[in-house]
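Below is one structure, written out as structure tokens, with a few remarks after it.
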Amino acid sequence: MTHRASAESKSSRPGSPLPAVADTDIDRVRETIITWFETAARPLPWRDADTTAWAVLVSEIMSQQTPVSRVEPRWREWMQKWPTPADLAQAPTAEVLHRWDRLGYPRRALRLQEAARVIAEELDGRVPRTAAELEQLPGIGSYTAAAVASFAHGERTTVLDTNVRRVLIRLFAGRDRPTPSPSRAETKWAAQFVPETEHEKWNAGVMEFGALVCMARNPSCESCPLNDICAWQKAGRPTSAVKAKTQKWAGTDRQLRGAIMDVLKSAHEHSDGEDNVGDVPVDLFTASTAEVDPKLFDSLPSNTSTRVERVRDLSADADRVSRLIDDLVSDGLAAREDSALRLPG
DNA sequence: AACCCGGGGTA
DNA sequence: TACCCAGGGTT
């Protein structure tokens with residue numbers, strides 16, 4: 001009980017109040033989560049004791065909005081190819097995007113390289129140690145800064161990802177899911193759970209608990225070691241009336257852009273060690289979508305034709321394709337001089 | 001606060 | 001189909 005109550009006013013609208021939490025419950029939850037984590041944690045490679053801060057940072061960027069199972073193989077390849085910030089800083093951007101593969105949100109790869117350049121060129125190759133400093137780097141927001149500071153450097157931060165938010169909201173607010181984005185009040189509220197010692201175990205543990213027990217969809221409440229104090233359980237596990245709105249995908253620029261990136265990466269892969277690809281894929285797009293010499297496909301990988309057809313299927317409008325390609329160039333996703341669009345040879 | 005940014009697995 | 005996933009950035 002006590003004076004902890006005031007972290008929340010009536011500010012966070014749809015979610016309503018974050019309740020005061022009794023000290024006994026805080027102790028119970030900390031102890032339970034940390035104990036559970038010590039036996040149930042997945043053996044993720046970036047949790048190994050000898051993992052560098054840089055490698056931890058890469059794992060966190062890759063994991064943004066991306067399931068861990070898909071990240072692991074890419075992360076292993078990256079860390080073998082570019083073990084230090086200086087290595088990634090010097091890599092051709094086209095190759096960086098290619099090795100990002102299909103993890104999604106390729107801007108993350110660009111920003112990771114930008115961050116690598118800042119670290120290599122301005123910070124003497126050292127990953128910043130505090131969350132405040134980390135957050136100054138491109139592509140690193142409040143979550144990633146807190147996570148890297150905690151997991152790589154042992155700083156006592158409040159790591160608040162979607163898992164942590166869901167676990168705490170269920171346990172103490174009795175709701176099934178958190179609001180779309182955390183308020184400052186929620187971050188402050190969540191901070192009270194982070195213990196003085198073993199804070200890395202808490203941060204990693206409560207995240208893991210959300211991923212393996214208190215999942216968004218079919219949570220394992222039957223085997224949950226905290227279901228006796230869970231406010232959501234006591235309330236009968238109600239579901240939110242308001243459903244999160246999901247973005248359209250089919251037919252959007254987003255889908256078309258992804259298809260274009262797919263072709264560019266395919267062509268880049270084929271261009272390794274050769275010099276005959278040039279900017280053919282771009283010509284395929286910017287030329288009339290109605291008429292393309294089939295011989296152009298001869299110099300490309302066998303599946304490029306299929307990929308280009310996919311782009312055509314998504315848009316019969318050549319201007320739209322051109323515009324998206326221009327956007328990709330201006331966004332740096334296909335830098336002309338750096339070679340994703342104008343392919344290396 | 002609202003919106004944009006990929007892609008794949010799953011119910 | 002809709003939802004979910006170790007979020008961040010822009011307007």
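Order of the sequence lines fixes the chain letters, A, B, ..., with proteins taken first and strands second; residue numbering starts at 1 for each chain. As the structure is a computational prediction, the values presented were derived from the model and not from experiment.
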query = Is the phosphate of C:dG7, meaning OP1 or OP2, less than 4.0 Å from a side-chain N or O of A:Q65?
reply = yes

request  = Check whether the side chains of A:D176 and A:T239 place a donor and an acceptor atom closer than 3.5 Å, and report yes or no.
outcome  = no

inquiry  = Checking side-chain polar atoms at under 3.5 Å, does A:E60 have a donor or acceptor matched by the opposite partner on A:Y143?
reply    = yes

task = Between C:dA6, C:dA2, B:dC5, spot the one nearest the side chain of A:R107, thanks.
result = B:dC5

message = Can you classify the ring geometry of A:F193 versus A:F172 as parallel (below 30°), tilted (30 to 60°) or perpendicular (above 60°)?
response = parallel

ask   = Using atom P of each nucleotide, how far apart are B:dG6 and C:dT11 to the nearest Å?
value = 16 Å

ask   = Which whole number of Å gives the distance between the P atom of C:dA6 and that of B:dA11?
value = 15 Å

task = Quote, to the nearest angstrom, the C1' distance that separates B:dG9 from C:dG8.
result = 23 Å

message = Counting the atoms with a prime plus P, OP1 and OP2 as sugar-phosphate, which does A:I61 contact under 4.0 Å by heavy atoms, base, sugar-phosphate, or nothing?
response = nothing

inquiry  = Between the base of C:dG8 and the side chain of A:R111, is there a donor and acceptor pair under 3.5 angstrom?
reply    = no

ask   = The side chain of A:M207 lies closest to which of these nucleotides: B:dG8, C:dA6, C:dG7?
value = C:dA6

query = Which part of the nucleic acid, if any, lies within reach of A:L44 when heavy atoms closer than 4.0 Å are counted: base, sugar-phosphate only, or nothing?
reply = base

request  = Respond yes when some side-chain nitrogen or oxygen of A:T144 is under 4.0 Å from OP1 or OP2 of C:dG8, and no when none is.
outcome  = yes

note = In whole angstroms, the gap separating P of C:dG8 from CD of A:E135 amounts to 8 Å

message = If you assign A:R47 and A:I140 each to the DNA chain C nucleotide with the nearest heavy atom, which residue ends up on the more 5' nucleotide?
response = A:R47

request  = Looking only at side-chain atoms of A:R217, point me to the closest of B:dG6, B:dT10, C:dG7.
outcome  = B:dT10

request  = Have a look at A:G141 and say if it touches a base, only the backbone sugar-phosphate, or nothing, with a 4.0 Å heavy-atom cut-off.
outcome  = sugar-phosphate

ask   = Which comes earlier along DNA chain B counting from the 5' end, the contact point of A:N218 or that of A:W249, where each point is its nearest nucleotide?
value = A:W249

message = Starting the side chain at C-beta, find the nucleotide from C:dG8, B:dG9, C:dA2 nearest to A:T246.
response = C:dA2

key: Nearest listed nucleotide, side chain of A:T162, among B:dC4, B:dG6, C:dC5   = C:dC5

message = Let's see if you can work this out: which of B:dC5, B:dG6, C:dG8 has an atom nearest to the side-chain heavy atoms of A:R108?
response = B:dG6

query = In terms of hydrophobic clusters joined by side-chain contacts under 4.5 Å, are A:L226 and A:M215 together?
reply = no

key: Sugar-phosphate, base or nothing in reach of A:R257, heavy atoms under 4.0 Å   = sugar-phosphate

key: A:T39 side-chain N/O to A:W36 backbone N/O, donor-acceptor pair under 3.5 Å   = yes

inquiry  = Under 4.0 Å, heavy atoms only, any strand: does A:S142 hit a base, just the sugar-phosphate, or nothing?
reply    = sugar-phosphate

inquiry  = Assuming nearest nucleotide by heavy-atom distance, tell me which of A:G139 and A:K248 is located more 5' along DNA chain C.
reply    = A:K248

key: Among C:dG8, C:dC5, C:dA6, the one nearest A:R166 by side-chain distance   = C:dC5

remark   = So SG of A:C230 and CG of A:D25: to nearest 0.5 Å the spacing works out to 11.0 Å

ask   = Out of B:dG6, C:dC4, C:dA6, which nucleotide sits closest to the side chain of A:A216?
value = C:dC4

query = Is A:R254 side chain donor-acceptor paired with the B:dG6 base, going by distance under 3.5 Å alone?
reply = yes

